[in-house]
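Beneath this line is the structure, given in structure tokens, with notes to follow.
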Amino acid sequence: MADDEFDFEAPYEGPSKSAIKREMTALQDLGTRLTQLTDAQLKQIPIEDEPLREAIMLARRIKAHGGLRRQLQFIGKLMRHIDPSPIEGALARLDGQHEQDKARFHRLEALRDKLLSEGDKALDTVRAGYPDVDIQHLRQLIRQHQAELKKGKPPSAARKLFRYLRELDARSSVDEDGSLP
């Protein structure tokens, strides 16, 4: 055999075995993520394939480790036959909503802490952000918190204040865009 009989410069014919395996593992991981969602979150995911939806629901009920592992592999196999991009997009939106909720929570905590530490001086900050605030109710909660601190009681007024701020924030979100926060 001569060297010129073989074409060493043959064109690449597709993905490697490793690339295919990485893709299958990614689809299985996506399926695993779907099994970990709550019912409300899962309803927001566009899963058109009914066998896939049933497999996900079954995997959520399986408790045995080996059985769950096999079911997750089966979900990964089913996911190879669908377009995963709408599912990935919906999961990204859910993640974004979670991040927004977390940021809102931290912002309200900081506002509560500012009210409790500065007292009446911080009321203008709240009034600027929430025009429909009941200032008298805020003052009452601040005074209750101060009394609880003096008596060494649990901070129930601080929790009430946080709940009130959360309600204000929810109402202002509805007013701004016409939808629920």
Exercise for review: Give a yes or no on whether Leu91 and Ile56 share a hydrophobic cluster (residues Ile, Leu, Val, Met, Phe, Trp, Tyr; joining criterion: side-chain heavy atoms under 4.5 Å apart).
Suggested key: yes
**Study point:** Trace of the side chain to side chain contact (heavy atoms under 4.5 Å, CB included) decision for Ile87 with Ile82
**Key:** CA-CA 10 Å; Ile87 294 173; Ile82 65 166; 3.7 Å; yes
Check your understanding: Below 4.0 angstrom, N of the basic side chain to O of the carboxylate: do Arg60 and Asp39 qualify?
Key -> yes
Check your understanding: Is there a side-chain contact between Gln71 and Leu58 (heavy atoms, below 4.5 Å)?
Key -> yes
Point to revise | More than 12 heavy atoms from other groups under 6.0 Å of CD on Gln136 | key: no
Review point. Going through the checks in order, is the side chain to side chain contact (heavy atoms under 4.5 Å, CB included) test met by Leu115 and Arg112?
Key: CA-CA 5 Å; Leu115 280 168; Arg112 178 204 55 203; 5.7 Å; no
Practice item. Decide yes or no for Asp120 and Arg143: does some side-chain heavy atom of the first lie under 4.5 Å from some side-chain heavy atom of the second? Key: yes
**Study point:** Sequence neighbours excluded - side chain to side chain donor-acceptor pair (under 3.5 Å) pairs with any residue from residues 144-162
**Key:** Glu148-Ser156
**Study point:** Residue Gln36 excluded, over 12 heavy atoms near CD under 6.0 Å
**Key:** yes
Point to revise | Nearest heavy-atom neighbours spanning Leu141 and Leu161 | key: CD1-CA, 3.7 Å
Practice item. Run the numbers on Arg107 and Leu111 for side chain to side chain contact (heavy atoms under 4.5 Å, CB included), then give the verdict. Key: CA-CA 6 Å; Arg107 183 174 44 82; Leu111 184 58; 5.9 Å; no
Review point. Between Tyr164 (side chain) and Asp134 (backbone), is there a donor-acceptor pair under 3.5 Å?
Key: yes
Check your understanding: Which pairs pass ring pair (Phe, Tyr, Trp, His ring centres under 6.0 Å) with one or both residues in residues 68-105, sequence neighbours excluded?
Key -> Phe105-Phe162
